[in-house]
Protein chains: 2
Amino acid sequence: MVDTSERLQRATPGAGPRARASRSAADRVLATLRAEIVDGTLTPGTPLTEAQQAERLGVSRTPVREALARLIADGLVEERGPRTLLVSSINPDDVVALFELRTTLDEQAARLAARRATHDDRAEFRALAARFGSVTVEFLRDDDTSRHGYYALVAAFDAAIDTALGGRSTYLAAAIESVRLHLARVRRLARDDDARLLTAAAEHRAIADAIADGDPERAVAATRLHLHNALTSIQSHLTSHDRQENP
Amino acid sequence: MVDTSERLQRATPGAGPRARASRSAADRVLATLRAEIVDGTLTPGTPLTEAQQAERLGVSRTPVREALARLIADGLVEERGPRTLLVSSINPDDVVALFELRTTLDEQAARLAARRATHDDRAEFRALAARFGSVTVEFLRDDDTSRHGYYALVAAFDAAIDTALGGRSTYLAAAIESVRLHLARVRRLARDDDARLLTAAAEHRAIADAIADGDPERAVAATRLHLHNALTSIQSHLTSHDRQENP
DNA sequence: CATTCCTCTACTGTATACATTGTTCGCTAC
DNA sequence: GTAGCGAACAATGTATACAGTAGAGGAATG
């Protein structure tokens, strides 16, 4: 049992330029648990009890309870029986189901982004395409920080998609955001190798170029290609490592 | 201010064959508020305070708070400022955004349902097609109950889709379920006329037939047609009545 | 030795009390 | 008369107390 008695930093509204920590304890607990589940600190199947998490995080059960309810709604925590909560599991079938939804949503997002992108949006995608193009073996030298840099680039791409969608696709954007959360977990489960990352960068570049050119169908096709390859890569990792978390 | 002092029926585990009410007060509050928002009892823009709802529903603030958190996550309640919750509004742009997502998801669902439907599933869709085919002007005689009957038929169709998807599309099914919730609100906002309902029944029948025949592309096309017409109909209602709920 | 029943523990669900903060209304000063 | 400030109020956010129940563990019996 992990007993790193790390308390949550209390929000200090008086000091500093708007303290980093979120305003409410419930928000901080939510952010903490979500991050721990996504990055694997809390492994799938781990039981979560309110009292235990409350003590660990230095708050009462109330904000923990609120955070857990949101995590259940998000699908990161699941109920087994009427009395126990577990960090939700991810098995290969879940990955397939996730990509099934992701493909649908991302293709639509790419199509709309290519259609709606403003002049500034297109410039942004041009710049992103260049950055994806500059991803080389050299770029991926260090195992941890540069991978982080690559995923930061992907995050920038995602943000650019959101911007290009504008305020007109709130429902689509919300659904995609949910998918991204689960996708981050899957990434941890099946770490991409360098070769895959280089290919993925090229694929992302193709999508960015298509959107920058305002070519919806090319954007869709490039997205489909990317997601197909991504799923294939993940599946090969999962089967080879036979990594299946509990049912 | 509505002061119908109707308390929530307390769960009575001792009496009857597993009492109707959900097990926890929080669940009951959630179900009640959700239903009231969807059916328009709580109109868009209505402020929701914990204490007020707690008193109205005969429970303490705790379960109300939990229910409100879920409703915010579902998008039925939105925060205005740091201190006030409102029943979320629906304007015509939201309807377009909702259908944008709905089209994407329902097309994919129709495709997969047509692909995966078992023998029993197809029989069910055959039966549904027949029932949609039997929807006539006669069927829609009474304004309230028969409309309800029609929407029950649509609900059965939705359930059949879920069944045909099987357990393999959990993420897609969850996303669709969320869309259906918001769609129910939109239906209340723009009530279909009899003519539209008859057309919609025919469109549904075409989708059901395509799935029963195991023809994915026809199912997709029929779905697209149905959703396009549905949106067009709703939009004409919204613009003609100039029904816009607050920003 | 396995199985069933009983008890005890521990966790959830709900209520309530308390602290904190945003908001509003009224007062005062200009 | 208007604008700015202050105090009371109201609603949220958190902690804690209490009741009910599921689940585990042990004892007794087949």
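None of the values given here were measured: they were computed from a predicted structure. The sequence lines fix the lettering, A, B, ..., with proteins before strands; numbering per chain opens at 1.
B:V29 approaches B:A67 most closely through the heavy-atom pair CG1-CB, 3.6 Å. Residues B:F125 and B:I161 approach most closely at CZ-N, 3.7 Å, considering heavy atoms.
Between B:D74 and B:R34 there is a salt bridge, since a side-chain N of the basic residue sits under 4.0 Å from a carboxylate O of the acidic one. Salt-bridge formation is not detected for the pair A:R70/A:D27: no Lys NZ or Arg NE/NH1/NH2 atom is positioned less than 4.0 Å from an Asp or Glu carboxylate oxygen. A salt bridge is defined here as a Lys NZ or Arg NE, NH1 or NH2 lying under 4.0 Å from an Asp or Glu carboxylate O, and B:R168 with A:D93 fails to meet this definition.
Nucleotide D:dA15 holds its C1' atom 14 Å from the CZ atom of A:R28, rounded to whole Å. The CD atom of B:E55 sits 14 Å away from the C1' atom of D:dA11 (whole-angstrom rounding).
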What N/O pairs connect the protein and nucleotides 7-13 of chain C at under 3.5 Å? Give each pair on its own line.
| from | atom 1 | to | atom 2 | distance (Å) |
| --- | --- | --- | --- | --- |
| C:dC11 | O2 | A:R83 | NH2 | 3.4 |
| C:dT12 | OP1 | A:E50 | N | 3.3 |
| C:dT12 | OP2 | A:E50 | N | 3.4 |
| C:dG13 | OP2 | A:R65 | NH1 | 3.0 |
| C:dG13 | OP2 | A:R65 | NH2 | 3.1 |
| C:dG13 | O5' | A:R65 | NH2 | 3.4 |
| C:dG13 | N7 | A:R61 | NH2 | 2.8 |
| C:dG13 | O6 | A:R61 | NH1 | 3.0 |

Here DNA chain D, pairs taken as Watson-Crick or G-U under 3.5 Å and shown with ( ), [ ] when crossing and | when to another strand, reads ||||||||||||||||||||||||||||||

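The closest side-chain donor-acceptor pair between B:D39 and B:T41 falls under 3.5 angstrom.
Of the residues A:E66, A:Q53, A:E50, the one that meets the side-chain hydrogen bond (donor to acceptor under 3.5 Å, both in side chains) test with A:R61 is A:E50.
With values rounded to the nearest 0.5 angstrom, A:L48 atom CG is found 10.5 Å from A:T84 atom OG1.
Between A:T62 and D:dT14 there is no side-chain N or O to OP1 or OP2 distance below 4.0 Å.
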